[in-house]
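Before any comments, here is the structure.
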Amino acid sequence: MADTRSVLVVGLGRFGSAVATTLDAMGQDVLAVDRDPELVNRWSSQIPTVQADMTDVLALEQLNAADFDTAVVAIGDSVEASVITAGNLLDAGISDIWAKSVSKEHARILQRIGARHIINAETDAGKRVGHLVSGNYLDYIELEGAYNVVKIHTPAQFVGYTIGDAKIHDRYGVTIVGVKSPGHEFQYASNDLELHRNDELIIMGKQDQIDHFIRG
């Protein structure tokens with residue numbers, strides 16, 4: 001089964017809304033927060049939203065922010081608000097912080113205060129980050145058209161099976177392109193290749209097929 005985690009997304013601009021809606025579509029427990037009532041109202045029919053200013057420690061306490069597994073700080077209009085919010089969330093006990101940066105200096109400050117993942121707003125699309133934040137993917141590349149390429153660990157239900165025995169393509173429609181086992185070189189996939197627990201699999205398929213494969 002794919003892991004489900006609770007994610008607090010702060011900031012409902014183009015980037016933050018893409019992260020939040022992607023996570024919500026994947027079945028993750030998401031709460032999106034913005035201090036702009038117009039943005040909150042715009043997204044409230046699609047995802048769980050709350051209007052709050054997360055630079056205010058009291059607001060974090062009222063939302064029980066400490067109960068979330070992960071937080072995404074997607075504030076882009078104020079470096080100060082971004083840094084204060086990230087610091088508040090870290091102080092609340094959330095160690096898995098993903099924070100959007102708008103400059104090298106901004107990224108450096110976020111790193112210094114302890115944000116674990118720094119997202120370059122110019123290069124990291126919100127949809128891709130949403131998939132990575134979910135924890136089910138090691139990497140995610142959206143191809144033009146219906147297909148995506150993802151990197152995941154071997155789902156538990158396929159450990160010990162060869163690709164051929166598991167009939168992965170026939171059952172799920174996805175194609176395993178290659179496998180990287182710890183301490184070994186990358187191998188292109190073949191039907192007699194056995195899958196192990198910590199193997200990294202490179203998979204190509206449509207999103208619903210990939211999700212079906214991960215769930216088993």
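- The OG1 atom of Thr175 lies 13.0 Å from the CD1 atom of Ile202; values are rounded to the nearest 0.5 Å.
- Using a 4.5 Å heavy-atom cutoff, the side chains of Val10 and Ile75 are in contact.
- Of all the heavy atoms in Pro155 and Leu201, the pair that sits closest is CD-CD1, 4.2 Å.
- Using bins of under 30°, 30° to 60° and over 60° for the plane-to-plane angle, the ring pair Phe158/Tyr172 lands in the perpendicular bin.
- By the 4.5 Å heavy-atom criterion applied to side chains, Ile152 and Phe213 are counted as neighbours.
- Of the inter-residue distances, the one linking Leu193 atom CG with Asp165 atom CG reads 11.5 Å to the nearest 0.5 angstrom.
- The side-chain heavy atoms of Val177 and Val149, taken from C-beta on, include no pair separated by under 4.5 Å.
- When all heavy atoms of His106 and Ser101 are compared, the closest pair comes out as ND1-CA, 3.4 Å.
- Residues Arg197 and Thr154 have side chains not in contact (no heavy-atom distance under 4.5 Å, counting atoms from C-beta outward).
- Summarising the geometry, atom CD1 belonging to Ile119 is positioned 9.0 Å from atom NZ belonging to Lys100; distances are rounded to the nearest 0.5 Å.
- No side-chain heavy atom of Ser6 sits less than 4.5 Å from a side-chain heavy atom of Val30.
- Contact of the His212 side chain with the Val174 side chain is not registered, since no non-hydrogen atoms from C-beta on lie closer than 4.5 Å.
- Taking both residues in full, the closest heavy atoms of Arg42 and Ser45 are given as O-OG, 4.4 Å, listed atom of the first, atom of the second, then distance.
- Between Leu110 and Val73 the shortest side-chain heavy-atom distance does not fall below 4.5 Å.
- A distance of 11.0 Å separates CG in Asn88 from CG in Leu58, rounded to the nearest 0.5 Å.
- Residues Val179 and Ile176 share a closest heavy-atom pair of CG2-CG2, 4.1 Å.
- Of all heavy-atom pairs between Leu8 and Ala65, the closest is CD2-CB, 4.1 Å.
- With values rounded to the nearest 0.5 angstrom, Arg14 atom CZ is found 12.5 Å from Leu39 atom CG.
- Annotation: side-chain hydrogen bond (donor to acceptor under 3.5 Å, both in side chains) contacts of Asp53 (sequence neighbours excluded): Thr55.
- Nearest heavy atoms, His153 versus Asn198: CD2-O, 3.6 Å.
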